[in-house]
Protein chains: 2
Amino acid sequence: MYLMCKVLFTIFLRFLLISQVHSLPKKKSYSEIKSCNIGNLAEEIASYDSVVRDIVDYVVSGPFKRKTYDELEKFVDMFGARISGSQVLEDSIDYMIKLTQDEDLTDIVTEELEVPHWVREQEKITMLEPRSKNIAVLGLGRSVSTPPEGVTSDVVVFSSFKEFDDAPIEYVEGKIVLFNAIYTTYGETASYRTQGAVRAAEKGAVASLVRSITPFSINSPHTGSQYYSENVTKIPTAAITLEDADLINRFYTRGEKVVLNIKMQSSFETKTSRNTLIDFKGTKNPEKLVIVSGHIDSWDVGQGAMDDGGGLFVSWAAPIILKRLNLRPKRTVRAIFWTAEELGLIGAAAYAEKHKNESHNINFIMESDEGTFAPRGLAVAGTQEARCIIAEILKLFESINASTLVETDSPGSDITVIVKDGVPGASLHNANENYFWFHHTEGDTMNVENPEELDLCTAFWTAVAYIIADISVDIPR
Amino acid sequence: MYLMCKVLFTIFLRFLLISQVHSLPKKKSYSEIKSCNIGNLAEEIASYDSVVRDIVDYVVSGPFKRKTYDELEKFVDMFGARISGSQVLEDSIDYMIKLTQDEDLTDIVTEELEVPHWVREQEKITMLEPRSKNIAVLGLGRSVSTPPEGVTSDVVVFSSFKEFDDAPIEYVEGKIVLFNAIYTTYGETASYRTQGAVRAAEKGAVASLVRSITPFSINSPHTGSQYYSENVTKIPTAAITLEDADLINRFYTRGEKVVLNIKMQSSFETKTSRNTLIDFKGTKNPEKLVIVSGHIDSWDVGQGAMDDGGGLFVSWAAPIILKRLNLRPKRTVRAIFWTAEELGLIGAAAYAEKHKNESHNINFIMESDEGTFAPRGLAVAGTQEARCIIAEILKLFESINASTLVETDSPGSDITVIVKDGVPGASLHNANENYFWFHHTEGDTMNVENPEELDLCTAFWTAVAYIIADISVDIPR
């Protein structure tokens, strides 16, 4: 396809010349569409063009080339998966601190907090009827165990909560519920994972299964968070693959009884972990913050290279590159490595609580937790005026095709707990079309990462943070 | 990219009109390029145009629409994986015979043969150094077991046989060898799987691992055949994922010792299975055969829907559709369901041996064992004259974009044992670009199949077989 496209493009260019047609209508940018008027600020922002070029050159073809990828690779190879509450997560935090200190950045603070430590042990699902088959499984975070002999029952399948709500209680009671919702968007479909167990338990189900939250699979189960409710019986809950969910659903639809035995063992306790804050202090308003962030914990499968090793390392790189290039902005650039994101944004919530009296000082907060594939721009929450300023800044990234501003009210995951209180913020918008193929699976490894794309993300992340931290005005609320 | 390409293409088309350029050079067909001269036969072949249309209509939008897919689905759901020598394979053979009889086809013969029955039991690989990690594994067919406590040793990694051959024997002796060859083509890369254990054992290795034979992975191990040598120690051998192979290789390249414990248990015995032959007898030369075929056995993972359920069912469908449409050709159309393909083309070899004195009667032999995605044409072995005739027949499938003739000396897998003796034959050329993503994995399920594409394959397969069985000349040798 690429080759065909290239050939067509070449032919097309020739025709352009032949036909003496010199220009097609230029695509309008966000700020043009939105009738932004930011006055003299546009000129000021345009003046950062050379800084952007310096940073991009330094990262993409200069001394920092491939550094983000190589450091990420060493990190995930050394530690592997880093689940909340584990010693390996704490060791990985110590390692990141040391790695930062080695770059002569010394404003490093860790803030302790209590985190859940859920440990997956034996997990096995066997289909007993209509025929014997092993069902690939990943239990969901915080799931309770089954009795040692497992839970054995027949399955009732629902393609939506609507369908589930319509079913009489007798139909569900004592059964294993399978929520078999076809993937639409992550936000929409993940609710079957996060709420499935509670909803099923409310109707007396003995266990709850969810079709993995992904549009594509090679029989890959996807774990993830789920939330029990105080007053509802906690039942075991797990994800199965698209393939097995479809198989069970086909039997079920044909009227054949599907009986499963589910064996799940896990343990749960509370441990101490840490958020890590690295400040590259501002020259004029050091109390004002531009935050770049990613989470350091991961699920207990794969290596957490994509979720969220990439976000962690582009955020780690930002203050380091600014220091190396001696680009000290007026405001402080703070990198935060959130802990315990996967079990429910625990680290971010603790930070928000601890720093609630200083939240007016957060000028802008950024998070990368949806992949670090080729950067395309930012998904921005804030006022129209705030977005106009960000849009103007993004124009500086046209050369790397990262000028898109996506409007959102709830960017990222961790930072939602801060942005919801009116702090303007953004998440990295990137070419992450296949992100959910690997998300929360054993396939989240270095194999999905790309050094050139990671370099572009690092350069983009660093330069955006610098400009916002350095311009003459605060991002308005 | 696709969208950009589409937009560019649209604009390009407009310019073509504006510039009064009306034609690009037409793509030449095989028979034009190869200066085929098949005389009056071209006209005769062209006269089958309406038969092709009838068959395509019957399958794609008529009474047979979705039938291949629905029957395949019922079949793989009922039986699942069907490994050589298993009772489930024999049951599935009985089922296919019944399914054929239900269509009033009665010329059904089974031919017994001895087949290997290798049964995978416990398999577990644990990385002990430089850190503890579970390594996803699928043992290779016929692999011997390890002792119960497993084999523990450090790993030596080779990216090619050349590199391996250059290594001194002391470097390999007592070690676990990992053949970490990057996927190029299946034919080329699979040799590391088929020959790895013997090569490694010749240098005194205690076990042999292979990087799974695939260009893409979600931490998916791919099993497959391997062949021990009479005079070489049989060592345990297994496939690991791209991700783990890369991880081990990175440690190894950095000079870190990688120690693995490999535990594998399996059993091996000889059983009886059957090839199934279904004849739709010819009117004029019933002794002459046009064979359509696929294999009914599968690996013991996934459902064997793609490998080779699709090939099995398009071959099953061909005589049935001809019977239903009362299209009885001059020669016999024989569908064969090969058994025990995966363990080494055992069924096909037995057929070739048993029927060696009648091989002159095989007018043409066809196999579908590389997917039944959108059909594109045939990969054909035979003389130039034979290919010219097939190319002329393929012209009739331009409307479904299945007119491509690919030259090969060795089409398919099972039929290679027959084609190598000079019998002209072909395998289904189809849009199977992602075939090896799922091949020999737990992901080989109905989820990779597509009803519309399967219908097109069925129509194509049936019509091609009919025309070759009915035209006035034999396919020349």
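Atom set for the values below is all heavy atoms of this structure, side chains included, hydrogens, waters and symmetry mates excluded. Below, chain A is the first sequence line, B the second, and so on; all start at residue 1.
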Q: With a 4.5 angstrom heavy-atom cut-off, which part of A:Ser217 approaches chain B: side chain, backbone, both or neither?
A: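 A:Ser217 touches chain B through backbone heavy atoms alone.
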
Q: If I take atom CG from residue A:Asn447 and atom CG from residue B:Leu247, how far apart are they, to the nearest 0.5 angstrom?
A: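 Interatomic distance, A:Asn447 CG to B:Leu247 CG, rounded to 0.5 Å: 9.0 Å.
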
Q: Select one option (side chain, backbone, both, neither) describing which atoms of B:Val448 are under 4.5 Å from chain A's heavy atoms.
A: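 For B:Val448, no heavy atom lies under 4.5 Å from chain A.
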
Q: Report the distance from atom OG1 of B:Thr445 to atom CG of A:Asp246, rounding to the nearest 0.5 Å.
A: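 Answer rounded to 0.5 Å: 8.0 Å.
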
Q: Heavy-atom distance under 4.5 Å to chain B: side chain of A:Val76, backbone, both or neither?
A: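 The answer is the backbone of A:Val76.
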
Q: When rounded to the nearest 0.5 angstrom, what distance separates OG1 in B:Thr441 from CD1 in A:Ile218?
A: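 Spacing of OG1 (B:Thr441) from CD1 (A:Ile218) equals 6.0 Å.
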
Q: Would you mind checking which part of B:Gln303 comes under 4.5 Å of any heavy atom in chain A, side chain (CB onward), backbone (N, CA, C, O), both or neither?
A: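 Side chain only.
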
Q: With the threshold set at 4.0 Å, does a side-chain nitrogen-carboxylate oxygen contact exist between A:Arg254 and B:Asp77?
A: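 Judged by the 4.0 Å cut-off on N to carboxylate O distance, A:Arg254 and B:Asp77 do form a salt bridge.
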
Q: Please round to the nearest 0.5 Å and tell me the distance separating atom CD of A:Glu243 and atom CE of B:Met446.
A: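 Atom-to-atom, A:Glu243:CD and B:Met446:CE are 12.0 Å apart.
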
Q: Please classify the contact between B:Phe251 and chain A as side chain, backbone, both or neither, with a heavy-atom cut-off of under 4.5 Å.
A: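 The side chain, not the backbone.
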
Q: So, taking the atom named CE in A:Met78 and the one named CZ in B:Arg131, what distance separates them when rounded to the nearest 0.5 Å?
A: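 Rounded to the nearest 0.5 Å, the CE-CZ separation comes out at 10.0 Å.
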
Q: Using a 4.5 Å heavy-atom cutoff, which residues in residues 431-439 of chain B come close to chain A?
A: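 Counting heavy atoms that sit under 4.5 Å from chain A, the residues of residues 431-439 of chain B involved are B:Trp437, B:Phe438.
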
Q: Among A:Asp244, A:Asn219, A:Thr241, exactly one meets side-chain contact (heavy atoms from CB on, under 4.5 Å) together with B:Glu442. Which residue is that?
A: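 When side-chain contact (heavy atoms from CB on, under 4.5 Å) is applied between B:Glu442 and each of A:Asp244, A:Asn219, A:Thr241, only A:Asn219 qualifies.
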
